[in-house]
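Working notes, structure below.
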Protein chains: 2
Amino acid sequence: MGSQDRLPCKDAPPESPPGPGAQAILRVAEALVAEKGFDAVSVNDIAREASVSKANVFHHFKSKEGLYLEVLRHACRHSARALDAALAESSADPHVRLQQFFFHHLRALLEHAQSSRLLQRALLEGASQRGRELAEEVFAHHFSRLVELVRAGQSSGCLRRDFDPALLAFLLVGASAFFFETRAVLRHLPEVTFAERPERYGSAVFDLLARGFARAPGEVGR
Amino acid sequence: MGSQDRLPCKDAPPESPPGPGAQAILRVAEALVAEKGFDAVSVNDIAREASVSKANVFHHFKSKEGLYLEVLRHACRHSARALDAALAESSADPHVRLQQFFFHHLRALLEHAQSSRLLQRALLEGASQRGRELAEEVFAHHFSRLVELVRAGQSSGCLRRDFDPALLAFLLVGASAFFFETRAVLRHLPEVTFAERPERYGSAVFDLLARGFARAPGEVGR
DNA sequence: GAGTGCGCTGACCGAACGGTCGGTTGGGGT
DNA sequence: ACCCCAACCGACCGTTCGGTCAGCGCACTC
């Protein structure tokens with residue numbers, strides 16, 4: 001009943017560093033859950049795909065929920081690292097930094113589609129609140145940093161000051177994320193020519209947005 | 001086996017117009033599936049919540065999948081009607097028409113959160129391809145009309161011509177949809193002040209976008 | 001070579017799943 | 001009066017679910 005883990009900060013200890021067998025299970029679970037969702041994947045499916053017995057899955061993870069959380073933690077770590085990299089661009093021009101973040105973020109989303117889809121699902125599902133909290137932690141932290149980046153651009157003078165910095169941050173993230181989410185559908189829309197050309201989509205979107213948030217009408221720096 | 005329905009166009013005949021009992025089941029199923037997802041809701045749950053026997057559910061719908069498709073069809077009809085209304089704005093100014101569409105769409109999304117979430121899920125899940133096709137039909141049609149609206153604005157001269165009309169259409173839809181999707185998370189982000197103020201979010205986003213796609217620098221019409 | 005810890009397994013459990021079946025209503029047509 | 005048929009139900013079916021358990025093989029130590 002009351003045996004919840006109380007360790008607040010430690011990374012590995014709650015479960016020992018995953019051995020090679022556990023990692024194989026983790027990888028398979030990640031792929032299957034990302035594709036079909038937690039409820040649509042059974043432990044049997046995972047075990048079969050990983051070529052181990054179902055009992056072995058429960059040997060390495062204390063429950064299906066536990067395995068799911070481990071999978072999610074892995075995806076979060078992955079995603080957090082990618083966001084760190086995207087935010088670490090070191091240009092002096094905030095406009096360029098925003099652009100680089102946007103491209104980096106979009107590319108990372110598409111390249112690690114599995115983790116992206118996993119987090120997308122975690123945010124959607126009301127069930128397993130622990131999963132939501134996990135995903136929200138990652139997003140809250142990095143979103144703050146992005147907002148700060150926008151705000152810095154505003155006070156440095158190269159971005160307009162009459163809009164909410166959080167709004168632009170949200171739009172940048174959303175333009176990438178929504179593109180990723182709906183890409184499969186976009187392919188079927190005859191009017192859409194950018195479904196298969198993420199770079200083209202990225203630069204077109206950023207240009208359009210930049211016209212809205214950049215300071216001077218002709219002096220954008222590009 | 002080979003007993004697929006072949007009727008191409010008819011609306012009602014495959015299943016008779018739903019009686020009051022069937023409608024109650026449908027309503028409950030819609031709510032539960034929208035909240036938890038298809039796989040996380042059992043027929044027993046639906047029957048219990050609707051205060052009927054499980055057998056009765058199978059009396060009105062030939063299978064769980066069939067019930068799901070009926071639920072989805074209902075949500076699609078709902079959504080299609082809302083989009084029709086949003087696209088039917090009759091102003092002469094394309095800029096105003098776009099704005100009205102955007103606000104209408106955002107409001108509809110939030111007001112009929114249940115249907116919205118249902119379609120969002122249908123697009124996400126690779127399983128039950130029939131569901132995807134259903135949702136895609138609705139989107140493809142109305143997206144075309146929206147693109148045409150943008151294109152009309154471009155050739156009428158009040159919108160810039162150096163961007164892809166499908167791109168703006170996509171951004172308008174995405175800005176609403178992504179806001180809807182992530183609203184629960186936005187509430188927890190301290191920097192975000194617009195999570196509870198959709199109208200404020202809507203006008204801020206449209207203003208920012210409008211600066212990017214509108215033709216003249218000072219002549220926006222608002 | 002007895003002891004020990006660990007990765008792993010097949011057999012098994014109770015519960016819940018989607019779905020079926022035989023039967024009971026009750027209002028409408030003849 | 002009769003029958004019919006849709007709506008509805010309790011009981012039940014076979015299957016699969018998440019999860020448990022006793023034990024096997026094998027490397028390692030003393």
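Treat the numbers as computed from the prediction; the structure is a model and nothing was measured.
- Partners of A:Arg107 under the side chain to side chain donor-acceptor pair (under 3.5 Å) rule, at least two apart in sequence or in another chain, do not exist in this structure.
- No donor-acceptor pair closer than 3.5 Å links the side chain of A:Lys36 to the backbone N or O of A:Ala31.
- Annotation: ring-ring contact (aromatic ring centres under 6.0 Å, His included) contacts of A:His104 (sequence neighbours excluded): none.
- Residues from residues 46-56 of chain B lying near DNA chain C, meaning a heavy-atom separation below 4.0 Å, are B:Lys54, B:Ala55 in numerical order.
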Exercise answer: donor-acceptor pairs, residues 139-150 of chain A side-chain atoms, under 3.5 Å, sequence neighbours excluded:
from: A:His142; atom 1: ND1; to: A:Val138; atom 2: O; distance (Å): 3.0
from: A:His142; atom 1: NE2; to: A:Ala80; atom 2: O; distance (Å): 3.4
from: A:His142; atom 1: NE2; to: A:Asp84; atom 2: OD1; distance (Å): 3.3
from: A:Ser144; atom 1: OG; to: A:Ala140; atom 2: O; distance (Å): 3.1
from: A:Ser144; atom 1: OG; to: B:Glu191; atom 2: OE2; distance (Å): 2.4
from: A:Arg145; atom 1: NH1; to: A:Asp84; atom 2: OD1; distance (Å): 2.6

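- Applying the ring-ring contact (aromatic ring centres under 6.0 Å, His included) rule to B:His78 yields the partners B:His112; only residues at least two apart in sequence or on another chain are considered.
- Contact of the A:Val43 side chain with the A:Phe58 side chain is registered, since non-hydrogen atoms from C-beta on lie closer than 4.5 Å.
- B:Glu136 pairs by the salt bridge (charged side-chain N to carboxylate O under 4.0 Å, His left out) definition with B:Arg132, not counting sequence neighbours.
- A:His74 meets the side chain to side chain donor-acceptor pair (under 3.5 Å) test with A:Glu30; sequence neighbours excluded.
- Residues from residues 25-34 of chain A that place a heavy atom under 4.0 Å from any atom of DNA chain D: there are none.
- Under the ring-ring contact (aromatic ring centres under 6.0 Å, His included) criterion, B:Tyr201 pairs with A:Phe170, B:Phe179, B:Phe194, sequence neighbours left out.
- A side-chain donor-acceptor contact under 3.5 Å links A:Asp45 to the backbone of A:Ser42.
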Original post:
Can you list the steps and then say if B:Ser53 with B:Asn56 is a side chain to side chain donor-acceptor pair (under 3.5 Å)?
Top reply: CA-CA 5 Å; B:Ser53 71; B:Asn56 192 13; 5.2 Å; no
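- Using a 4.0 Å cutoff to heavy atoms of chain A, the contacted part of DNA chain C runs 5' to 3' from C:dG7 to C:dG10.
- If you walk DNA chain D from 5' to 3' and mark each nucleotide with an atom closer than 4.0 Å to a heavy atom of chain A, the marks span D:dC17 to D:dC21.
- For A:Phe180, there are no ring-ring contact (aromatic ring centres under 6.0 Å, His included) partners, not counting sequence neighbours.
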